[in-house]
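We count ligands from 1, going down the list as the structure has it; atoms in each ligand are counted the same way. Side-chain atoms are counted along with the backbone in the values below, which use heavy atoms only and exclude waters and symmetry mates.
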Amino acid sequence: MSELNKIALKIISNGKGILAADESNGTMTKRLEAVNVKSTPENRLFFREILFSSDGMKDCIGGVILYDETINQISSTGKSIPNLISSSGAVPGIKVDTGAKDLANSPKEKVTEGLDGLRDRLKKYYDLGARFTKWRGVYSISENYPSKLAISSNAHALARYSALVQESGMVPIVEPEVLMDGNHSAEDCLIKTSEVIKKCFEELILHKVDLSGIILKPNMILPGSLSEDKISNEEVSIKTIECLKNSVPNEVPGIAFLSGGQSEIEATENLNLINKNNNTNFIMTYSYGRALQQSALQVWSKDTENTEVTQNTFNHRAKMCTLAAQGKWTRELENK
Ligand code: 13P
């Protein structure tokens, strides 16, 4: 077993999943202002440290994705944030892309940037304790999109990023996110997501990336948020498995889904059914941002000094997601 494969398995085995706490300062500001909390470096750390020191970390969270600001911060106990995370048994990770920018010659689409100087930044993050990384490519569906140009340029960037990350001794999370925005059907999402993922693996293979040392972070197969053709959770799980079975090479150890705007319960229920119906060898778990933090953030904003109630809320969510990652979640357990 390679060192990278061991790290990947440590993050996603036994029902453990990933806490995506890597919101950029811009995104975190939106999240905090939505609950009437001022977005300062201190407040961003305050909320995140409460999550990172909760009991749910030990039992449920195998990895935490951080943002550059957070990985450099010191917790109230004097420990660095990566140390705080490692001491709970989870692996510290870091978002290394610098964001999605307009794609030249297809300006309604995005290409993710961040390759320039990446090798040096990776060394710095490794020295700070990171052992895995994230890079997100983003695609939207409409009549002519995603274009071949967007599919190919984002796959190329994801592959170059992955090769550099593995060279630096870390596991790359490869995140091609096909957005839920729009009125497309689940079938459109299945077709486009499959095309996007297949192209990513074509490029990863070309760039000689060790597929046993990556984690794929895709969207689930869902109808667009404005679509009138809703499908059942069972159908979401079947289509999602079909997509991954046909587009992901067997060497990949695991898949950690993003929540992408689903509610907490929806993201949990869908993951649970994916695991119940999983007829692949892939570990299927979560790498949720909003679907792990939303309720905790709301509770915290009402009384920021009440750590216990915020942690209880987060612990419950993490526990439900970890049950779902094993196909053991039920509505009764959710409402207990
Ligand atoms: P969501 O689960 O909120 O989609 O966030 C996951 C993530 O890391 C997106 O890049």
Checklist entry - Salt-bridged, Lys239 to Glu242, with N to O below 4.0 Å? => result no
Checklist entry - Which residue supplies the protein heavy atom nearest to atom 4 (O) of ligand 1, what is that atom called, and how far is it? => result Gly260 N, 2.7 Å
Item to check | Contact (N/O only, under 3.5 Å) between Gly261 and ligand 1 | outcome: no
Item to check | Ser287: numbered ligand 1 atoms lying under 4.0 Å from its heavy atoms | outcome: 6 (C)
Checklist entry - Which residue holds the protein heavy atom closest to atom 9 (C) of ligand 1, what is that atom called, and what is the gap in Å? => result Glu175 OE2, 3.3 Å
Item to check | Side-chain donor-acceptor pair present, Gln73, Glu49, cut-off under 3.5 Å | outcome: no
Next on the checklist: Below 30° counts as parallel, above 60° as perpendicular, anything between as tilted: where do the rings of Trp300 and Phe47 land?
Outcome noted: tilted
Item to check | Test: Lys124 and Asp68 ion pair at under 4.0 Å | outcome: yes
Item to check | ligand 1 atoms in contact with Arg136 (distance to a heavy atom under 4.0 Å) | outcome: 10 (O)
Item to check | Any donor-acceptor N or O pair under 3.5 Å, side chains Thr112, Asp97 | outcome: no
Checklist entry - Judged by non-hydrogen atoms, does Ala291 sit under 4.0 Å from ligand 1? => result no
Checklist outcome for this item: among protein heavy atoms, the one nearest atom 5 (O) of ligand 1 is Gly289 N, 3.6 Å
Checklist entry - Which of the atoms in ligand 1, numbered in the order shown and given with their element, are less than 4.0 Å from a heavy-atom of Ala20? => result 8 (O)
Checklist entry - Nearest heavy atom to atom 3 (O) of ligand 1: which of Arg290, Lys217, Lys134, Met180 does it belong to? => result Arg290
Next on the checklist: Tell me whether Glu167 is salt-bridged to Arg119, with the criterion being a basic N under 4.0 Å from an acidic carboxylate O.
Outcome noted: yes
Next on the checklist: Assess the residue pair Thr285 and Ile18 against the criterion (side chain to side chain contact (heavy atoms under 4.5 Å, CB included)); give the C-alpha distance rounded to whole Å, side-chain angles, the decisive distance to 0.1 Å, and a yes or no.
Outcome noted: CA-CA 8 Å; Thr285 188; Ile18 300 169; 5.8 Å; no
Checklist entry - Is it the case that Ser232 and Glu235 place a side-chain donor and acceptor less than 3.5 Å from each other? => result yes
Checklist entry - Which atoms from ligand 1 have a heavy atom of Tyr288 less than 4.0 Å away? => result 2 (O)
Checklist outcome for this item: Note: Ser259, heavy atoms under 4.0 Å from ligand 1, region reported as both
Checklist entry - Can Ala267 be said to touch ligand 1, with heavy atoms closer than 4.0 Å? => result no
